[in-house]
Structure formats: structure tokens, C-alpha cells
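Some notes on the structure that comes next.
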Amino acid sequence: MRQEPGQLSHPFDVDLGQARALQERLAGAVRAAGDPRPFRTIAGADSSCGRGDRDVFAAIVVFSWPDLAPVEESWARVPVPMPYVPGYLSFREGPGLLRAWEGLRHHPDLVLFDGQGIAHPRRLGIAAHMGVLLEVPSIGVAKSVLCGTHAPVGPRRGARADLVHRGEVVGCVLRSRDGVRPLVVSPGHLVGLEAAIEIVLDAGRGFRLPEPTRAADALVGRARREGWETGGRMMERGGGPG
DNA sequence: GCGACAG
DNA sequence: ATCTTGTCGC
């Protein structure tokens with residue numbers, strides 16, 4: 001986590017003790033309530049890094065809403081800040097995501113992050129952290145639980161169970177498609193749990209993960225495999241011939 | 001002290 | 001997350 005010469009200083013460049021203190025402080029700024037709808041664009045954000053890799057790749061893909069047509073995508077390649085430590089994911093993935101965010105021509109109205117929102121030991125998972133930092137409504141969409149417990153979830157799409165941690169409902173475990181393993185959805189910044197759940201379900205197109213998340217995952221994977229440098233592009237305008 | 005533990 | 005072949009199912 002030591003800052004390298006020439007590397008831009010950012011609020012993630014701290015040791016674990018400072019990181020924890022920062023989380024406890026920033027958690028107080030999170031507003032896990034409200035409904036951003038109606039909004040015009042929604043984005044998926046993800047990052048990728050192989051074991052032993054020197055760089056971590058991040059990507060953000062913006063879609064129009066509610067038609068989910070791709071609008072713009074941005075990716076970044078930055079040095080790995082620190083190893084993965086449960087509870088401190090944003091300090092590993094944040095720098096790259098911040099860089100990708102800065103590369104966007106137009107910032108989205110809402111972002112889906114791959115990880116927890118407030119369903120975190122200190123209520124500051126990556127979605128909540130980035131939401132506050134970027135001042136954008138955000139939702140955490142994780143593939144597994146970090147903390148908290150829940151009742152069994154029904155087998156059909158839409159079935160859900162509250163995720164409870166230390167007596168607080170911090171999110172929910174949501175079956176996004178029939179039969180698939182449930183997603184863990186929790187509010188990030190400026191979005192309440194109910195709105196978060198409805199948005200995640202509406203952002204799906206037949207797969208377990210929401211489309212923006214799948215697109216970001218696909219992009220970051222390609223960027224890493226092909227060794228792309230930081231960049232971005234606008235997508236084709238809708239309409240086409242006719 | 002022991003087990004759990006987003007990506 | 002990543003490493004990995006085949007394989008079961010729609």
C-alpha cells in the first residue's frame with residue numbers, strides 16, 4: 001500500500017488501521033435510503049486481478065434505462081494497491097474503479113458494484129464506499145455473503161430473505177432467476193433496500209447477474225487477458241437504420 | 001481461542 | 001478473484 005513515485009495520491013492509500021478508521025468515519029456519510037428512479041443511465045462496475053499480477057484492471061459500463069442499451073464504457077489499468085483482505089475490498093479495487101470513473105464522458109445516475117453495500121461489518125462495503133466518494137447512488141450486488149445471517153430463500157425468481165447483522169437488516173439475499181444461487185443485494189449510497197431490490201431485478205435479462213454487472217465483468221476480463229492500457233469508448237447510438 | 005471471510 | 005476439463009441440461 002505504499003505510494004509509488006509518480007502515483008496519484010488517493011483516499012485509498014492507507015494502511016489497514018487507517019483504512020478501518022476511514023471506513024468507520026465514511027460509514028456515517030452513507031445514506032442508505034431513497035429511490036433514484038426515474039433515472040436515465042445505470043452502470044455496472046467490476047475489477048479483475050490474477051494472483052501474482054502486478055496490475056489490476058477495472059471497468060465501468062454505462063447503459064440507458066430502462067431499455068438497457070450500452071452507452072459508454074471505460075476501463076483502467078493500475079498497480080495492485082494491496083492484497084485482498086475480507087472487509088477491505090474497496091482499498092484493493094477502489095483505485096482502479098476511480099480511474100475508470102474519471103475516464104467516463106458522462107457519469108451514470110446509478111452504479112451497481114460487485115460486492116457489498118452496507119452489508120459489511122462496518123457498513124461500508126465497496127458500493128457504499130464508492131457511492132459516498134463519487135457522490136452517486138449505488139447498490140451492492142454480491143455473489144456471496146460477507147457478514148450476517150438469513151433464512152432459507154424460496155426457489156423462484158424474486159424470492160428473498162432479509163440479511164441481518166447485529167440485529168440490523170443490512171440487505172437481502174435475492175433469487176434473481178429460478179433455481180440459481182441467490183445474490184446478496186444491499187443499499188449503497190442514496191438508495192434504500194426496496195428500491196435496490198426492484199432495480200436489480202429490472203436490470204436482469206435472463207441471467208443470474210444484472211446486465212450492467214455482466215457487461216463490466218466481460219469487459220474487465222477482456223482488458224486483462226489482452227493487456228489493455230487505460231481507455232474508454234462511446235457505444236453506437238441507438239436507432240440505427242429505420 | 002476458533003471459525004468465517006465480498007473479490 | 002483465479003486456476004481449469006469435462007460434463008449435465010435446456
Side-chain angles (χ1 to χ4, degrees), chain A residues 1 12 16 19-20 22-23 26-27 30 32 44-60 75-100 111-133 138-150 155 157 163-166 170-174 176-189 193 196 200 205-210 212-227:
Chain A
M1 284 230 257
F12 297 105
L16 280 189
R20 182 175 181 128
L22 183 57
Q23 289 179 330
L26 288 182
V30 177
D46 191 18
S47 73
S48 171
C49 175
R51 204 168 158 56
D53 284 1
R54 199 192 92 204
D55 299 325
V56 57
F57 293 78
I60 297 177
W75 58 90
R77 175 178 184 167
V78 303
V80 176
M82 59 171 269
Y84 167 67
V85 180
Y88 298 89
L89 179 63
S90 55
F91 293 88
R92 176 178 173 79
E93 301 194 345
L97 292 171
L98 178 57
R99 184 71 177 278
V111 185
L112 303 181
F113 287 90
D114 63 316
Q116 315 298 338
I118 61 170
H120 176 278
R122 290 168 292 284
R123 306 293 179 265
L124 198 80
I126 190 166
H129 191 158
M130 297 304 294
V132 167
L133 194 68
S138 61
I139 296 172
V141 181
K143 295 180 289 297
S144 63
V145 172
L146 172 61
C147 68
T149 59
H150 63 85
R157 166 182 163 86
L163 179 62
V164 181
H165 181 246
R166 295 182 186 177
V170 294
C172 87
V173 177
L174 175 70
S176 56
R177 296 299 299 169
D178 291 358
V180 303
R181 190 151 69 92
L183 295 178
V184 183
V185 177
S186 62
H189 191 41
L193 180 57
V200 167
R205 286 293 184 274
F207 294 89
R208 181 185 180 223
L209 294 172
T213 301
R214 297 185 68 232
D217 182 72
L219 176 59
V220 79
R222 191 175 169 195
R224 187 169 84 91
R225 287 195 308 274
E226 300 180 11

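Heavy-atom basis, side chains included; hydrogens, waters and symmetry copies ignored. Just so it is clear: chains get the letters A, B, ... in the order the sequence lines come, proteins before strands, and each one is counted from 1.
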(request) When you get a sec, tell me which of B:dG7, B:dA6, C:dC3 is the closest nucleotide to the side chain of A:Lys143? (result) B:dG7
(request) Return yes when atom CZ of A:Arg205 has more than 12 non-hydrogen atoms of other residues, nucleotides or ligands closer than 6.0 Å, and no otherwise. (result) yes
(message) Check this one for me: any side-chain N or O of A:Ser47 less than 4.0 Å away from OP1 or OP2 of B:dG7?
(response) no
(request) Evaluate whether the aromatic ring of A:Tyr84 and the six-membered ring of the B:dG7 base sit under 5.5 Å apart, centre to centre, with an inclination under 30°. (result) yes
(request) Measure from CG on A:Asp217 to P on C:dA1 and round the result to the nearest Å. (result) 7 Å
(request) Choose from B:dG7, C:dT2, B:dC5 the nucleotide whose nearest atom is closest to any side-chain atom of A:Leu146. (result) B:dC5
(request) Write down the distance between CZ (A:Phe57) and P (C:dT2), rounded to a whole number of angstrom. (result) 12 Å
(request) Give A:Glu93 one of three labels, base, sugar-phosphate or nothing, depending on what nucleic acid heavy atoms sit under 4.0 Å from its own. (result) sugar-phosphate
(message) Using 0.5 Å steps for rounding, measure from the CZ atom of A:Arg77 to the OG atom of A:Ser48.
(response) 11.5 Å
(message) Would you say CZ of A:Arg99 has more than 12 non-hydrogen atoms from neighbouring residues, nucleotides or ligands within 6.0 angstrom?
(response) no
(message) Just to be sure I understand the rule, does A:Gly50 reach a base, reach only the sugar-phosphate, or reach nothing, if contact means heavy atoms closer than 4.0 Å?
(response) sugar-phosphate
(message) Contact between A:Leu183 and A:Leu209 at the side-chain level, heavy atoms closer than 4.5 Å - yes or no?
(response) yes
(request) Take atom CZ of A:Arg122 and atom P of B:dC5, then tell me their distance rounded to the nearest Å. (result) 16 Å
(message) Counting C-beta onward and ignoring hydrogens, is there a side-chain heavy-atom pair between A:Arg123 and A:Val30 closer than 4.5 Å?
(response) no
(request) Choose from B:dA6, C:dC3, C:dA1 the nucleotide whose nearest atom is closest to any side-chain atom of A:Leu89. (result) B:dA6
(request) Classify the nucleic acid contact of A:Val85 as base, sugar-phosphate or nothing, counting any heavy atom under 4.0 Å across all strands shown. (result) nothing
(request) Mind checking A:Tyr88 for me? I need base, sugar-phosphate or nothing, with any heavy atom below 4.0 Å counting as a touch. (result) base
(request) Rounded off to whole Å, could you give me the NE2-to-C1' distance for the A:His165 and B:dA6 pair? (result) 13 Å
(message) Could you check whether any side-chain heavy atom of A:Tyr88 comes within less than 4.5 Å of a side-chain heavy atom of A:Met82, counting everything from C-beta outward?
(response) yes
(request) Figure out the CE/C1' separation between A:Met82 and C:dA1, and round it to whole Å. (result) 14 Å
(request) To the nearest Å, give me how far apart CG (A:Leu163) and C1' (B:dC5) are. (result) 14 Å
(message) From CZ of A:Arg123 over to P of B:dA6, roughly how many Å is that when rounded to an integer?
(response) 16 Å
(request) Return no unless some side-chain N or O of A:Ser48 is found under 4.0 Å from OP1 or OP2 of C:dT2. (result) yes
(request) Mind checking A:Arg225 for me? I need base, sugar-phosphate or nothing, with any heavy atom below 4.0 Å counting as a touch. (result) nothing
(message) In whole Å, I'd like the distance from the CG atom of A:Leu16 to the C1' atom of B:dC5.
(response) 14 Å
(message) Given B:dG7, C:dT2, B:dA6, identify the nucleotide with an atom nearest to the side chain of A:Asp114.
(response) B:dG7
(request) Under 4.0 Å between any heavy atoms, over every strand shown, what does A:Gly87 touch: base, sugar-phosphate, or nothing? Just pick one. (result) base
